[in-house]
Amino acid sequence: MSDIRSTVIELLGQLGSSREARQYLKQFSKVDQTRFAVVKVGGAVLRDHLDALAGALAFLQQLGLTPIVLHGAGPQLDEAMAAAGLPVEKHDGLRVTTEAVMAVVRPVIYQANAALVDALEARGVRARGILHGVFKSHLANPEKLGLVGEIDEVDLAPLSGAIGAGALPVLACLGESASGQMMNINADLAAQELVWAVQPHKVIFLTETGGLLDETGRIISAINLSSDYETLMGAEWVHSGMALKLAAIKTMLDRLPPETSVSITSAAKLTRELFTHTGAGTLIRRGEKIEWLPTLPPDRASQVEALLAQSFGRTLRSDWLTGREVAGWLVAESNRAAALIVHGANGIPYLDKIVVTPEAQGEGLGAALWSALRARCPAMYWRSRVSNPINAWYHQQAEMSYRAGEWVIFAIGLDDWSAFGPLVIDAQARDPGWVSEP
Ligand code: ARG
């Protein structure tokens, strides 16, 4: 096992760095394996990407990670109903499930479940299909919805039993009453109740698109609910389907520990999403607050200074803050992202230092810090060494820039170029604060 593990870490290193991969593997292995992850797989993924899905899950199992897999079968059900000549009828997004519909639905769900279990076992992965005994339910509204169940209780015993036996649990969205009446359960609602009961470290949605899309159709890498939720919900381009999804994820995360994150990705990109900082898909977290503090309390100051030193590969002089006219710090609760603002020339704030750990960057904390900075300082300027790889990004953000020797000076929010000149001169002359400048 440990041989496989180290080979696999080497391989993972090709996606990002093996250090990154090892860090995430350690993080995911630390939690009790019944609590590593709940993976919700849409019916379409199961139907159209079974191979990629089984491959990604087999890979996790080889690493000793056992996610709980929950799958839907929506498109398969629609097809089967059409073939049986039954109309698909929905009420508030729930599939009306008459006795006749249940007769069609039940075997289709069994088949979808067996297809994944078979695909996993064909790869040598022990898997256990779980069709009953997890979702205890009652009929939601028998007159309108027929055999649609509403979950009262989630029994985790069949899942921990499977995991304890080294088998990957593959769970279908079927519930039953105390007397054994079988019910159809909406997959999104089943996922929500399951996640609340399991309290997993990661919640993973495998979809066809592999993430939430922005207004240009590109995948949004990370969403920090505490800073982005209101803005997104108010944005014109966020259509109702996406707003619903976001609201559901917020409700879900509100009842989970703060470190839990949701990843929306595709079967093919799951490994990259899990084992790199930047990921591949959309990472959603409750997020942390970014505070504005006139000075940092000593414990936070030493953490932030250590982070600066590590990230710039230099040491700060012990007196580096003396003589700096500090306006304040913007700093994330975890101290993994921080910016120092000082009073600059002509009353314009100067962005003196900014730092974000790579991991926090992947969580979207860098973007959150930047927007907090923009809100606080409508006008500001900063400098960066010409060789700094971040400059491409700074050029996108800045409205003005000027290269002066080893520095590029950037500015935002100035009225005109004549205001920029004095700032360029000022920025070049500033004390970097490091022990020695090469
Ligand atoms: N690998 C980490 C995780 O799964 C970070 C992923 C970042 N993903 C992203 N889409 N920004 O928790």
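Start at 1 and go down the list; that is how both ligands and their atoms are numbered. If you read the sequence from its start, that first residue is 1, and numbering goes on from there.
A salt bridge links Asp78 to Arg95: at least one charged side-chain nitrogen sits closer than 4.0 Å to a carboxylate oxygen. Salt bridge absent: Arg285 and Glu259 never bring a charged side-chain N and a carboxylate O closer than 4.0 Å.
Among residues at least two apart or in separate chains, salt bridge (Lys or Arg N to Asp or Glu O under 4.0 Å) pairs with a member in residues 229-254 are Lys250-Asp254.
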Run through all N or O atoms in ligand 1 and write down each protein N or O closer than 3.5 Å, as a pair with its distance.
| residue | atom | partner | partner atom | Å |
| --- | --- | --- | --- | --- |
| ligand 1 | 1 (N) | Glu273 | O | 2.8 |
| ligand 1 | 1 (N) | Leu274 | O | 2.9 |
| ligand 1 | 1 (N) | Thr276 | O | 2.8 |
| ligand 1 | 4 (O) | Lys202 | NZ | 2.9 |
| ligand 1 | 4 (O) | Glu273 | O | 3.2 |
| ligand 1 | 8 (N) | Glu273 | OE1 | 3.2 |
| ligand 1 | 8 (N) | Glu273 | OE2 | 3.1 |
| ligand 1 | 10 (N) | Ser221 | O | 2.9 |
| ligand 1 | 10 (N) | Glu273 | OE1 | 3.2 |
| ligand 1 | 10 (N) | Gly281 | O | 2.9 |
| ligand 1 | 11 (N) | Ser221 | O | 3.1 |
| ligand 1 | 11 (N) | Ser221 | OG | 3.1 |
| ligand 1 | 11 (N) | Thr278 | O | 3.3 |
| ligand 1 | 11 (N) | Gly362 | O | 2.7 |
| ligand 1 | 12 (O) | Lys202 | NZ | 2.9 |

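Within 6.0 Å of the CD atom in Glu79, the count of heavy atoms belonging to other residues, nucleotides or ligands exceeds 12.
With respect to Leu171, the side-chain contact (heavy atoms from CB on, under 4.5 Å) criterion is satisfied by exactly one of Leu194, Val39, Val69: Leu194. Of the candidates Ile249, Thr209, Ile204, Leu206, Ile249 is the only one forming a side-chain contact (heavy atoms from CB on, under 4.5 Å) with Ile264.
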